[in-house]
Number of protein chains: 2
Amino acid sequence: MAPIREMLAASPVNEQKWRVLRVLVESGPLEQKAIAAEACLLLPSLTRILQTMEADGLVSRESDLEDRRRSIVSVTAAGRAVIENHADQSNAILARLEDQFGKERLDDLLRLLDDLQHIDL
Amino acid sequence: MAPIREMLAASPVNEQKWRVLRVLVESGPLEQKAIAAEACLLLPSLTRILQTMEADGLVSRESDLEDRRRSIVSVTAAGRAVIENHADQSNAILARLEDQFGKERLDDLLRLLDDLQHIDL
DNA sequence: CATTAAAACTTAACATGTTAATTAAATGGT
DNA sequence: ACCATTTAATTAACATGTTAAGTTTTAATG
């Protein structure tokens, strides 16, 4: 993750906020519980992170009319721009990683980690 | 890691401090840089953690006479007791994990993670 | 239909994560 | 010996991690 943090050092977001933006760009507007699950964050952390991201104009929130406990979060144009501005660099880092570590080994690792998450107890 | 945190909930240490104690029990007295590397902690975090652990009587520190920049950290009897009191539970958790996830897959995962740590750039 | 339980955040309090700056001591080169 | 670098550890400032408690709204149960 060190290269990712280097890449983000000159941007307005850190690793966590970058993950939130990516989730929202990929999946569209989401409730916070879903964002937390996708971005591997706990709800209290996400609450704080979204507060600063909203203040920075990267996301917007509106309460769900179907269920007023929920709030639906959307990425703004500025937030989308952050992702798009780093897409090339991000892809280059992934390509370098696959090259040096091996795509198959990387896939194996990610699959093992995902399996481990859903087991235990 | 959830079962480990459950196990430690009733003890005087959290996950990080538990790792520090395990490293010291396994390797004997160490300088802080070595502890940080073994326990996957950054030095500023370790500095704070050791301050509270020393205040709690779990570790002791003395400055290295060969190189007075370094301080050598040792585990106390009380610190060793924390590890020994949880050794059975800890081993049971590992055995359960190997049973449910598969020892070979667990070994594969750990090896891949270790390799990944030493690559990149 | 009233009450209770559950769900989706939110807040609070404290610990750790992270980066940069600082201190003190050891090294290296001249 | 002198001075610039490097190293080990600390401090500071702010962000996130984590657990527990609180709020509001919805669902469940009697």
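For the numbers below, each heavy atom of this structure counts, side chains included, while hydrogens, waters and symmetry mates do not. If you're wondering where the values come from, they're calculated on a predicted model, not measured in any experiment.
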> Between A/L42 and B/Q51, just flag the one whose closest nucleotide in DNA chain D comes earlier from the 5' side.
B/Q51
> Rounded to the nearest angstrom, tell me the gap between atom CG in A/D67 and atom C1' in C/dA6.
12 Å
> Decide, yes or no, whether a salt bridge links B/D56 with B/K17 under the criterion of side-chain N to carboxylate O below 4.0 Å.
no
> Is any side-chain N or O of A/S45 closer than 4.0 Å to OP1 or OP2 of D/dT16?
no
> Can you figure out which of D/dT24, D/dA8, D/dA15 approaches the side chain of B/R69 most closely?
D/dA8
> Between B/R22 and B/E26, is the closest basic N to carboxylate O distance under 4.0 Å?
yes
> If only side-chain N and O atoms of A/N14 are considered, is one of them under 4.0 Å from the OP1 or OP2 phosphate oxygen of D/dT16?
yes
> Between D/dA8, C/dA7, C/dT16, which nucleotide gets closest to the side-chain atoms of B/E31?
D/dA8
> What is the nucleic acid contact for A/L41, judged by heavy atoms within less than 4.0 Å: base, sugar-phosphate only, or nothing?
sugar-phosphate
> Think A/Q16 has a side-chain N or O under 4.0 angstrom from the OP1 or OP2 of C/dG17?
no
> Rounded to the nearest 0.5 Å, how far apart are CD of A/Q100 and CG of A/L106?
12.0 Å
> Rounded off to whole Å, could you give me the CZ-to-P distance for the A/R61 and C/dC9 pair?
9 Å
> Can you tell me the distance, in whole Å, between the CG atom of B/D64 and the P atom of C/dA24?
18 Å
> Find the distance A/L50:CG to C/dA8:C1' and express it as a whole number of Å.
13 Å
> Please tell me which of the listed nucleotides, D/dT25, C/dC9, C/dA25, lies nearest to the side chain of A/L43?
C/dC9
> Just N and O in the side chain of B/K17: are any of them under 4.0 Å from OP1 or OP2 of C/dT16?
yes
> Under 4.0 Å, heavy atoms only, any strand: does A/T52 hit a base, just the sugar-phosphate, or nothing?
nothing
> Is there a donor and acceptor pair, one atom on the side chain of A/R68 and one on the base of D/dT25, closer than 3.5 Å?
no
> Taking the minimum atom-to-atom distance to the side chain of B/R48, which one of C/dT10, D/dA9, C/dG17 wins?
C/dG17
> In terms of side-chain geometry, is the basic nitrogen of A/D108 or A/R111 positioned less than 4.0 Å from the acidic oxygen of its partner?
yes
> Any side-chain N or O of A/T47 less than 4.0 Å from the OP1 or OP2 oxygen of C/dT10?
yes
> Write down the distance between CG (A/L8) and P (D/dT16), rounded to a whole number of angstrom.
12 Å
> Take atom CG of B/L30 and atom P of D/dA8, then tell me their distance rounded to the nearest Å.
14 Å
> With rounding to the nearest 0.5 angstrom, report the CE to CZ distance, B/M53 to B/R61.
10.5 Å
> A/S71 side chain to A/E62 main-chain N or O, any donor-acceptor pair under 3.5 Å?
no
> Measure CD/A/E62 against P/C/dC9 and give the value in whole Å, please.
13 Å
> D/dA15 C1' sits how many Å from A/R19 CZ, rounded?
13 Å
> Let me spell it out: for each of A/R5 and A/R70, pick the nucleotide of DNA chain C with the closest heavy atom. Which residue's pick is nearer the 5' end?
A/R70
> Counting side-chain heavy atoms from C-beta on, which of C/dT16, C/dC9, D/dT19 comes nearest to B/I49?
C/dT16
